[in-house]
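Okay, so here's the structure we're looking at.
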Amino acid sequence: MPGKRMAVSMAAAAGVAVTVAAGFTFVPSDGGGTDRTAQAKANTRRFVLILAGAADHAESQRFDTEVAARTEALTSECMSSHGFRYTPKDPRSVVDTEDATDFSNPDYARTRGFGISVFARFVPATADVEYQRTLSAAVLKTYDERLAKCAENAQRTTEKEYGIAEANSQWDRLDGDVRRDPRYQSALRTWRTCAAEAGHPAESRLALIETLRRQYTPIMAGVRTGSTELPQDQLAALAAQNSEWRTFHQMEVDAATATFPCSQAADRTYVSVFLEHLNRIA
């Protein structure tokens, strides 16, 4: 019973000005059209399986890290082609490899719940601060513009190479087929009974999570107390001091833990039926 996942999107140039010279384009130099197409198809299937919950958590993290690394490498190559230096960020600085939601792990449920009240952890990003200081104001403006466009093009190229759009589209179609399948409908009814008996009645795990998220939003607004943007570690420290947040976090953990066996059974049915539908079109 996986929840819908957005297409992978790497913010390689977060915070950089987005004003871009019209007509700027970059074509990566590594070619290999046929090989790239075949690899994109393979990656499309990888991502579809991840979206369906049919791949393990490590594979999901590996996929996201690969996408981030490729995007950063292309961004660096693009900047170099325009005479600028850009050091690719460690992919773990844009992908949370520590706390991303894991519905398959009981330890995750017992410590992080559904991942709602988790604060993402990233390694420090590489910054070309010293290099940028050598640039004049006019050149730095051009640098920012080039970086914004290079990052945009790199992301577009990477998403094509990894078949992201196709995977999301394919998963969306197959997810509808699975949810209409009598076997999954039966599993979902069993989940509802199981969850209700565990003290957390809901239509589905996703519905339960959405209900909790609605409760979480105003709590976090109170934690921020008017602050606009804070680093995740600072925000986590503030939350830990807030009694409403602590109460919510425990409630989330209790709900995830209590319904974990219910969800495991439903997820197994979902994956089994999904793979059957997927293999029909393979």
Side-chain angles (χ1 to χ4, degrees), residues 1-6 8-16 50 53 56-65 67-68 89-127 129 194-196 198-264 267:
M1 194 165 43
K4 187 165 185 176
R5 174 176 171 179
M6 299 300 289
V8 172
S9 178
M10 298 294 108
V16 176
I50 290 168
D56 63 25
H57 188 63
E59 167 65 356
S60 177
Q61 292 295 291
R62 187 161 46 246
F63 186 91
D64 286 351
T65 303
V67 169
K89 295 189 182 84
D90 184 323
R92 294 172 301 164
S93 71
V94 291
V95 174
D96 178 12
T97 59
E98 297 292 329
D99 293 290
T101 303
D102 184 359
F103 290 137
S104 67
N105 188 343
D107 289 336
Y108 187 96
R110 284 191 291 265
T111 57
R112 299 172 178 84
F114 294 117
I116 299 170
S117 54
V118 160
F119 297 94
R121 287 184 289 176
F122 305 97
V123 302
T126 304
V129 177
C194 179
H200 299 278
E203 287 297 299
S204 65
R205 179 175 61 199
L206 180 58
L208 176 57
I209 290 172
E210 288 175 343
T211 297
L212 289 169
R213 282 192 184 282
R214 286 194 292 272
Q215 297 175 46
Y216 185 65
T217 299
I219 292 172
M220 280 309 298
V223 169
R224 289 189 174 91
T225 59
S227 300
T228 51
E229 290 294 333
L230 286 174
Q232 288 288 295
D233 57 345
Q234 291 184 30
L235 203 54
L238 283 175
Q241 299 170 23
N242 184 287
S243 60
E244 284 189 277
W245 183 90
R246 292 197 303 270
T247 298
F248 174 86
H249 178 69
Q250 189 58 55
M251 179 174 62
E252 179 194 355
V253 166
D254 291 344
T257 303
T259 59
F260 186 82
C262 315
S263 297
Q264 286 294 284
D267 286 350

TODO: Only one of V94, D96, D90, V95 passes side chain to side chain contact (heavy atoms under 4.5 Å, CB included) with R92; say which it is.
DONE: D90
Is a side-chain N or O of [X] found less than 3.5 angstrom from the main chain of [Y], in a donor-acceptor match?
X    : Y    : answer
S93  : K89  : no
Q232 : F119 : no
T217 : R213 : yes
T259 : C262 : no
R246 : A240 : yes
E252 : L212 : no

If we only count heavy atoms from C-beta on, is the [X] to [Y] side-chain gap below 4.5 Å?
X    : Y    : value
Y108 : V118 : yes
F248 : E244 : no
F114 : F103 : yes
V223 : Q241 : no
F63  : V67  : yes
T101 : H57  : no

If you look at every heavy atom in [X] and [Y], which pair is closest and at what distance?
X    : Y    : value
A198 : A258 : CB-O, 3.7 Å
A109 : T257 : O-OG1, 3.5 Å
N105 : D102 : CB-OD2, 3.3 Å

Task: Between CE on residue M220 and OG on residue S117, distance to nearest 0.5 Å - done: 9.5 Å
Task: Atom pair CZ/NE2 of R205 and H200 - distance to nearest 0.5 Å - done: 14.5 Å
TODO: Just do the side chain to side chain contact (heavy atoms under 4.5 Å, CB included) check on I209 and I116 with the steps written out, would you?
DONE: CA-CA 8 Å; I209 290 172; I116 299 170; 4.0 Å; yes
Open item on the list: Between the side chains of R112 and D107, is the shortest nitrogen-to-carboxylate-oxygen separation below 4.0 Å, so that they form an ion pair?
Closed with: no
- [ ] For the residue pair R62 and T65, confirm or rule out a side-chain donor-acceptor distance under 3.5 Å.
- [x] no
Task: Counterpart residues, side chain to side chain contact (heavy atoms under 4.5 Å, CB included), relative to P106 (two or more places apart) - done: R110, F260
- [ ] Just jot down the salt bridge (Lys or Arg N to Asp or Glu O under 4.0 Å) partners of E210, sequence neighbours excluded, or say none.
- [x] none
